[in-house]
*Asks:* 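Once you've had a glance at the structure underneath, I'll fire off some questions.
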Amino acid sequence: MSAGEKGAGEKGAPAPAVAVCASCPRRCRLAPGALGACRARRNVGGRVVPEGYGHLTSLALDPVEKKPLARWRPGSYVVSVGSYGCNLACPFCQNHDIAQAGSGDVGWREVTPDELVEMALAARRRDPRVVGIAHTYNEPLVGWEYVRDCARLAREAGLANVLVSNGCACDSVLGELAGLVDAANIDLKGFSDEVYRACGAPGGALDCVRHTIETLAADPACHLEVTTLVVPGLSDSEETVGSIARWLAGLGDVTYHVTRFFPRWRMTDRAATPVSDVYRLAEVARRSLPHVYVGNC
Ligand code: SF4
């Protein structure tokens, strides 16, 4: 049965509608009441709604360098918020306790966009180094409506908007956020479908993430940085990092982070990336890009 199609229900009563989520390439087909693979979106009455809207599991004041953003308003701070849910399942996820959780699995408190903007303004009154709000920690774009609504209000209030995302979102989602993101850091897990399969991604994820990066790079109002976690045996080859860097170089002024892996969650079968490997791979990237940073070293 296709989305919205009527089936055999009670005589005269329409059958509850199946709904297809168009937010990411997984395109979850949700029976009435069902939760998407990200655990953050649900079919309610035939419509896919963001169940995690305003449900914050994490709230902190972070330096922008922690996002990481190396070349955007250095020395400034952002009120950083996260909810629950993610459309990937990277076995090395450092935030799996919230990213792989749904509403009933983790503690959260409701914060409306108005309340969040007011919190950020209050933080800025206390410390003028606070410049805006960052959506981060879990995957923000599985709840893009909250990001959009907060970003609109924040922009009106003179605050900046930061997005830290895996970039695996459909074009319609990027369209909703167009012109609202002042700075973004997008994870690029690797440069092959194999790496994305290891992260539990749906087919087409790499192309989707590349499109997100291209879209943000083409937005003159958005400062873009990209991060690759170099996981031994998965994404730590010079070929991978070199290919990524050459591709990013063609997109304009993109800052690139090469960061060190530590064993986490389901990936404890290998040691942390040797620091020397991270520095060597950063040098490989610098053959193509002027702004390359190492992380977690
Ligand atoms: S955003 Fe969530 S519900 Fe929507 S298609 Fe992706 S995984 Fe499924």
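Predicted model only: the values in this text are computed from it and were never measured. The figures that follow rest on heavy atoms only: side chains count, while hydrogens, waters and symmetry mates do not.
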*Asks:* Verify, without hydrogens or angle tests, whether Arg26 (side chain) and Asn87 (backbone) share a donor-acceptor contact under 3.5 angstrom.
*Replies:* yes
*Asks:* Before accepting this row, confirm whether a basic side-chain N of the pair Arg109/Glu115 lies closer than 4.0 Å to the acidic partner's carboxylate O.
*Replies:*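 No, Arg109 and Glu115 are not salt-bridged.
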*Asks:* So, does Glu139 use its side chain to make a donor-acceptor pair with the main chain of Asn166 at under 3.5 Å?
*Replies:*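 Checking the backbone N and O of Asn166 against the side chain of Glu139, a donor-acceptor pair under 3.5 Å is found.
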*Asks:* Counting C-beta onward and ignoring hydrogens, is there a side-chain heavy-atom pair between Pro202 and Tyr196 closer than 4.5 Å?
*Replies:*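 Sidechains of Tyr196 and Pro202: no contact.
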*Asks:* Could you give all pairs that pass the side chain to side chain donor-acceptor pair (under 3.5 Å) test and reach residues 262-275, with sequence neighbours left out?
*Replies:*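 For residues 262-275, and leaving out neighbouring residues, the side chain to side chain donor-acceptor pair (under 3.5 Å) pairs sorted by first residue read His96-Trp265.
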*Asks:* Using only heavy-atom distances, determine whether the side chains of Asn95 and Asn138 contain a donor-acceptor pair under 3.5 Å.
*Replies:*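 No, because no side-chain N or O of Asn95 sits under 3.5 Å from a partner of the opposite role on Asn138.
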*Asks:* Short question: side chain of Asp105, backbone of Gly102 - any donor-acceptor pair under 3.5 Å?
*Replies:* yes
*Asks:* As a quick check of understanding, evaluate side chain to side chain contact (heavy atoms under 4.5 Å, CB included) for Val111 and Val81, giving each step before the final call.
*Replies:* CA-CA 10 Å; Val111 177; Val81 295; over 6 Å; no
*Asks:* Give the ring-plane orientation class for Trp247 versus Phe191, where under 30° counts as parallel, over 60° as perpendicular and anything between as tilted.
*Replies:* tilted
*Asks:* With rounding to the nearest 0.5 Å, note down the distance linking CG in Leu216 to NE2 in His211.
*Replies:*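 Between atom CG of Leu216 and atom NE2 of His211 there are 9.5 Å.
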*Asks:* If we only count heavy atoms from C-beta on, is the Tyr77 to Val64 side-chain gap below 4.5 Å?
*Replies:*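 They are not in side-chain contact.
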*Asks:* Just jot down the side chain to side chain contact (heavy atoms under 4.5 Å, CB included) partners of Val195, sequence neighbours excluded, or say none.
*Replies:* Lys189, Ser192, Leu234
*Asks:* Under 3.5 Å, is there a donor on one side chain and an acceptor on the other for Lys66 and Ser80?
*Replies:* no
*Asks:* Treat each ILVMFWY residue as a node, draw an edge where side-chain heavy atoms are under 4.5 Å apart, and state whether Leu121 and Val130 are in one component.
*Replies:*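 Yes; Val130 is reachable from Leu121 via cluster members.
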*Asks:* Are there over 12 heavy-atom neighbours, none belonging to Glu194, within less than 6.0 Å of that residue's CD?
*Replies:*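 Check fails, neighbour count at 12 or below.
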*Asks:* Does the pair Arg39/Glu51 count as a salt bridge with the N-to-O cut at 4.0 Å?
*Replies:* no
*Asks:* Can you list every pair that meets side chain to side chain donor-acceptor pair (under 3.5 Å) and has a residue in residues 150-161, with sequence neighbours left out?
*Replies:* Arg155-Asp182
*Asks:* Please check this pair: side chain of Trp108 against backbone of Ser103, looking for a donor-acceptor N/O pair closer than 3.5 Å.
*Replies:*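 Pair found, side chain donor or acceptor close to backbone of Ser103.
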*Asks:* Please check: side-chain N/O of Asp236 versus main-chain N/O of Gly233, any donor-acceptor pairing under 3.5 Å?
*Replies:*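 Judged by distance alone, yes, a pair lies under 3.5 Å.
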*Asks:* For Arg286 and Val292, indicate whether the former's side chain and the latter's backbone hold a donor-acceptor pair under 3.5 Å.
*Replies:*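 Checking the backbone N and O of Val292 against the side chain of Arg286, a donor-acceptor pair under 3.5 Å is found.
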*Asks:* If only atom types and distance count, is the side chain of Arg41 paired as donor or acceptor with the main-chain N or O of Val49 below 3.5 Å?
*Replies:*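 Absent.
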*Asks:* For the residue pair Thr228 / Tyr256, report whether a side-chain donor-acceptor contact shorter than 3.5 Å exists.
*Replies:* yes
*Asks:* Shared ILVMFWY cluster between Ile213 and Val181, side chains joined below 4.5 angstrom?
*Replies:*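 No, Ile213 and Val181 fall in different hydrophobic clusters.
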*Asks:* Using the test side chain to side chain contact (heavy atoms under 4.5 Å, CB included), find all partners of Ala218 that sit at least two apart in sequence or belong to another chain.
*Replies:*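 Applying side chain to side chain contact (heavy atoms under 4.5 Å, CB included) to Ala218 gives none.
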*Asks:* So, do Val78 and Val131 sit near enough that their side-chain heavy atoms are less than 4.5 Å apart?
*Replies:*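 Result yes, sub-4.5 Å side-chain heavy-atom pair found.
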*Asks:* Using only heavy-atom distances, determine whether the side chains of Thr212 and Thr215 contain a donor-acceptor pair under 3.5 Å.
*Replies:* no
*Asks:* State, yes or no, whether a side-chain contact exists between Asp97 and Val106 at a heavy-atom distance under 4.5 Å.
*Replies:* no
*Asks:* Using modelled atom types only, decide if a donor and an acceptor are shared between the side chain of Gln100 and the backbone of Cys90 within a distance under 3.5 Å.
*Replies:* no
*Asks:* Just wondering, are more than 12 heavy atoms of other shown residues or ligands nearer than 6.0 Å to CD in Glu239?
*Replies:*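 No - once you tally the heavy atoms of other residues, nucleotides and ligands closer than 6.0 Å, there are 12 at most.
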*Asks:* Taking C-beta and beyond as the side chain, do Leu163 and Leu141 meet within less than 4.5 Å on heavy atoms?
*Replies:*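 SC-SC contact between Leu163 and Leu141 confirmed.
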*Asks:* Would you say the side-chain atoms of Ser288 pair up with the backbone N or O of Gly242, donor to acceptor, closer than 3.5 Å?
*Replies:*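 No, because the side chain of Ser288 does not come within donor-acceptor range (under 3.5 Å) of the backbone of Gly242.
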*Asks:* Is a side-chain donor or acceptor of Asn185 paired with a backbone partner of Pro68 at a separation under 3.5 angstrom?
*Replies:*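 Judged by distance alone, yes, a pair lies under 3.5 Å.
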*Asks:* For Tyr53, check side chain to side chain contact (heavy atoms under 4.5 Å, CB included) against everything at least two apart and list the hits.
*Replies:* Pro50, Pro113, Glu145, Tyr146, Asp149
*Asks:* Give the intermediate values and the outcome of side chain to side chain contact (heavy atoms under 4.5 Å, CB included) for residues Asp62 and Lys67.
*Replies:* CA-CA 8 Å; Asp62 286 338; Lys67 298 300 95 190; 2.8 Å; yes
*Asks:* Check whether any side-chain heavy atom of Val275 lies under 4.5 Å from a side-chain heavy atom of Arg260, and answer yes or no.
*Replies:* yes
*Asks:* Report the residues that fulfil side chain to side chain contact (heavy atoms under 4.5 Å, CB included) with Arg71, sequence neighbours left out, ordered by chain and then residue number.
*Replies:*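 Per chain and number, Arg71 pairs via side chain to side chain contact (heavy atoms under 4.5 Å, CB included) with His223, Glu225, Asp253, Thr255, His291, Tyr293.
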*Asks:* Just checking, is any N or O donor in the side chain of Ser23 or Trp144 under 3.5 Å from an acceptor N or O on the other one?
*Replies:*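 Checked: Ser23/Trp144 side chains pair up, N/O donor to acceptor below 3.5 Å.
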